[in-house]
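Below: the structure, in structure tokens.
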Amino acid sequence: MNPSKPQRHARPTRRQVLTGAVATAAIAGFPHVRTSHAAGQLTLAIWDHWVPGANDVHTQLCNEWGAKNKVEVKIDYITSIGSKVELTAAAEARAKTGHDIMSLATWLTTIHKNSLEPVDEQVKQLANKYGPMTPDGEYCFKHDGRWMSLPSAAGGNHSYPMVSRLDLFKQHAGIDLKKVFPASKTRDKALVEAWNYDNFLKYCEKLSKAGFPFGNPIGPTSDSQDWLCPLFLSFGSVPADKDGNIKLDSDATRMALEYVQKLVKFMPPDIYAWDDAGNNRWIISGKGSAIQNPPSAWTVAVRDQPKVAEQLWHHDVPRGPKGRFRGALPRGNGIWKFGKNKSAAKDLLVWLLEKDQQFKLITASKGYDVPLFPALFEHPIWAEIGPPVGGQYNYPVRGDETIIVGGYPTPQPVGAQIYLQALIPNMVAKVTKQGMSVNEAIKWAVGELEGYKRG
Amino acid sequence: MARVVTHKNIEVGASVTPVRVGSYQRFLKRRSTLAVALVTPLMVLIGGLVVYPFFYAIYLSMLNKAETTFIGFANFRFLFTRDTFWMVVWQSTLFALTAVFFKALIGFVLAHAIHALPDRRQRFWRGVSLVPWVMPPALSTLGWWWLYDPTYSAFNWILGTLFGAHVAWLSDPNWARFSVILVNIWIGSPFFLIMYLAALKSVPPDLYEAAEIDGANARQQLIYVTLPMMRNIIAITGLFSIIVTFANFDIVRVLTQGGPFNTTHLFGTYSFLLGIQSGDIPLGSSVALFMFPILGVLAFFILRNVRQRATEL
């Protein structure tokens, strides 16, 4: 400042006053524009929901938000058949162009984390309202202390409870599953405690002898991981610890392998060739007594085999020596770093995850989608949907189950390889089908694990 | 500088006004220019869809998993230490060689059978035989999958009804390998059939007549006339089929996804598993490129042999 000149208060010019007035009016009139700078166009690549009508409700909600916020929302629904979501994500991440919001199935956040915009603030905002996210969501979406994806509001989050035939379990195994896992908060602790892997083996033997075996796949498929990985964890077997130190060569792993060796004797011989729909077909065919699956099997049974559907009850998985773990596949929505309308994208995703919108979307998915904020489990659909009414009440976790993704608790890049290269099902199959010894199979799996750590 | 030229077909001395053609127009009228112009779109396509991706794949195979550092041949060295990779090498070789051998054998037999038919019936059988080859493989493989399906297998229903037997088509490693090879043979045999049939038709009948006069029986005619005359076609068809069969993807992808416990993975499916599904594109590229040098050398020798033989003929 020049000290020789007298100081004067700067007087605003007429132009500055006018500009300020216009800006103030704009801020007052369009609050969203002020906070998020949202405007123009927002593009979404969203998983094509298999429940008829679910996409329509999602589109309506997005358009409603778009109209409110003067944003043109364009949605491409991409089928997961033929890995098309994975291919689209890989192509967009590589080309650094594409949609603003990308649907990211379980491991895609891990794979593309370096191309994603962090969403810490948005997760915090939602957690303040609805409590902390479920462990499976946190494991998949939080990387190096930062949230890289938000849960998908538009669906796809699902878990793998037992889906059992009430009539067959009662008749051949002597257990009333409706009594053990009622469609209400009241549970008999002793009965639930007795639902463990030791007793489950006995039930499976009886059901197999009666001609209705329990069926789940053991192959390079998603469903195979989603029951075997939690089973191993419930025996205390982990592939590696949180720091990536390999821990698979353990007594717990041996115990789990020996258990599955016994279990497969009471399962159909073709489980090694089943795809992800194999267990669905098994229960729908009427030949099976139980599987582990989301309610998609029940939905198809309602259409094709209503008599079977009436007997299907979704409930907790058995407990092992180290706990009760259920597999899950959370689906996220990520925002590309190179997205053109990132702040609008964040606002839309948070808005969709709020209770009102979530409830509409859960209803549209007929209860298939389970939110990753447990406070939203209060949606009445799971108690009401049927037949049998209440058959899906226990589809969201109601008891002492811990919900995990196969590969947990290893660092996600290694966890992704464990899951995607089917380490646990392959190890199991080597013992139960190929005839490899337990120790040889573990040695093989440890060798694979060392390879997965490649940087 | 422009020159006065006359058209070749116009007689010298005819009363025709000479046309002045510029050097640019002359350049355009040259046959080689036209040839280059016609070939250019294809070259651009091949360049964009084959050459560029090929070199890009080589580049990718030399990066680390995060694609941030150049690591030379480290990905290949890593693969050489993996049991699963060597299993994939063995399976791909077994798949390709077995399938090509049987495709060639079936194609050869069928080509002779159809060649022996009267012309009118040949047309029908040629058309029918081509059906497996012209159908989209993903679709026909889906049909096969229904036949093998673990729960509702049509084959097992027939076997069960007639003999009370059950075959683990896709859940037993050996049966699963057999099943994927069988589908490949079913799809690929018509290609051999049509190529061999064309080769058979190009063998001059005089040679057979001469052989007959010399007292050659049918087997001797096959060994000393037919096979030598078909040698080039057999070599080229075999080479082409080996390359395509090694690169097969859809059959295994649809039928087994590489299972049970990785025992049916081929280079294509294993590369897809590592590169796209598991997000390790450099390692996936390395798997995909592994056979390139071996097939390249094979192609060089086979094609050189074919050229030499063509010159001799």
Side-chain angles (χ1 to χ4, degrees), chain A residues 82-83 86-87 89-91 93-94 107-108 110-114 215 217-221 224 268-282 284-285 287-288 413 416-422 425-434 436 441 444 447-448 450-452 454-455, chain B residues 56 60 64-69 71 74-75 78-79 81-85 87 138 145 148-153 156 166-176 179 250 252-265 269-270 272-284:
Chain A
S83 306
E86 283 94 328
L87 287 165
R94 188 158 293 271
W107 295 107
L108 290 184
T110 304
I111 289 171
H112 298 298
K113 63 182 179 183
N114 295 331
I218 300 180
T221 60
S224 303
D270 284 319
I271 47 175
Y272 302 94
W274 282 5
D275 60 3
D276 278 336
N279 51 354
N280 299 34
R281 283 192 292 271
W282 181 246
I284 295 163
S285 72
K287 297 178 189 175
Q417 301 304 316
I418 290 170
Y419 190 97
L420 297 166
Q421 297 196 41
N426 281 337
M427 180 175 70
V428 167
K430 278 181 184 292
V431 173
T432 58
K433 181 73 182 172
Q434 201 178 13
M436 201 181 255
W444 168 84
E448 289 290 296
E450 278 161 3
Y452 298 164
R454 165 184 170 274
Chain B
Y56 189 53
L60 285 173
N64 68 340
K65 189 177 175 182
E67 297 177 41
T68 50
T69 314
I71 54 168
N75 283 329
F78 171 78
L79 282 174
T81 64
R82 314 308 306 160
D83 291 344
T84 308
F85 173 71
M87 198 162 82
W145 187 79
Y148 292 139
D149 181 278
T151 311
Y152 297 109
S153 165
N156 276 345
H166 175 96
V167 176
W169 296 106
L170 302 176
S171 56
D172 177 82
N174 292 329
W175 277 113
S179 301
D250 33 24
V252 168
R253 178 80 185 147
V254 172
L255 288 182
T256 63
Q257 296 181 56
F261 41 94
N262 295 329
T263 52
T264 54
H265 263 307
T269 53
Y270 191 55
F272 185 78
L273 170 72
L274 295 180
I276 299 295
Q277 292 185 297
S278 306
D280 194 344
I281 287 182
L283 200 61

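Just so it is clear, the model here is predicted, and its values are computed rather than measured. Labels below follow one simple rule: chain letters A, B, ... track the order of the sequence lines, proteins then strands, and each chain is numbered from 1.
Note: B/Thr84 leads B/Thr84, B/Asp83, B/Thr69 in heavy-atom pairs under 4.5 Å with chain A. When B/Asn64, B/Thr81, B/Leu283 are compared by the number of non-hydrogen pairs under 4.5 Å with chain A, B/Leu283 comes out ahead. Counting heavy-atom pairs under 4.5 Å between each of B/Ala138, B/Ala66, B/Ser171 and chain A puts B/Ser171 at the top.
When heavy atoms are compared at a cutoff of 4.5 Å, A/Ala429 approaches chain B by way of both its backbone and its side chain. In this structure, the portion of A/Tyr452 lying under 4.5 Å from any heavy atom of chain B is its backbone and not its side chain. Of the atoms belonging to B/Leu255, not a single heavy atom falls under 4.5 Å from chain A. Both the backbone and the side chain of A/Leu420 come within less than 4.5 Å of a heavy atom in chain B. Only the side chain of B/Asp280 comes within contact range of chain A, with at least one heavy atom under 4.5 Å from a heavy atom of that chain. Contact of B/Trp175 with chain A is not made at all, since no heavy-atom distance falls under 4.5 Å.
What you find for B/Lys65 and A/Arg454 is that their closest heavy atoms are CD-O, 3.5 Å.
Every residue two or more places apart in sequence or in another chain that forms a side chain to side chain contact (heavy atoms under 4.5 Å, CB included) with B/Arg82 is listed here: A/Glu448, B/Phe78, B/Phe85. Listed by chain and residue number, B/Arg253 satisfy the side chain to side chain donor-acceptor pair (under 3.5 Å) test with A/Ser83 (two or more places apart in sequence, or in another chain).
Contact annotation: the side chain of B/Phe272 approaches that of A/Leu87 to within less than 4.5 Å [non-hydrogen atoms, C-beta and beyond]. B/Ser278 has its side chain within reach of A/Gln421: a pair of non-hydrogen atoms, C-beta onward, lies under 4.5 Å apart.
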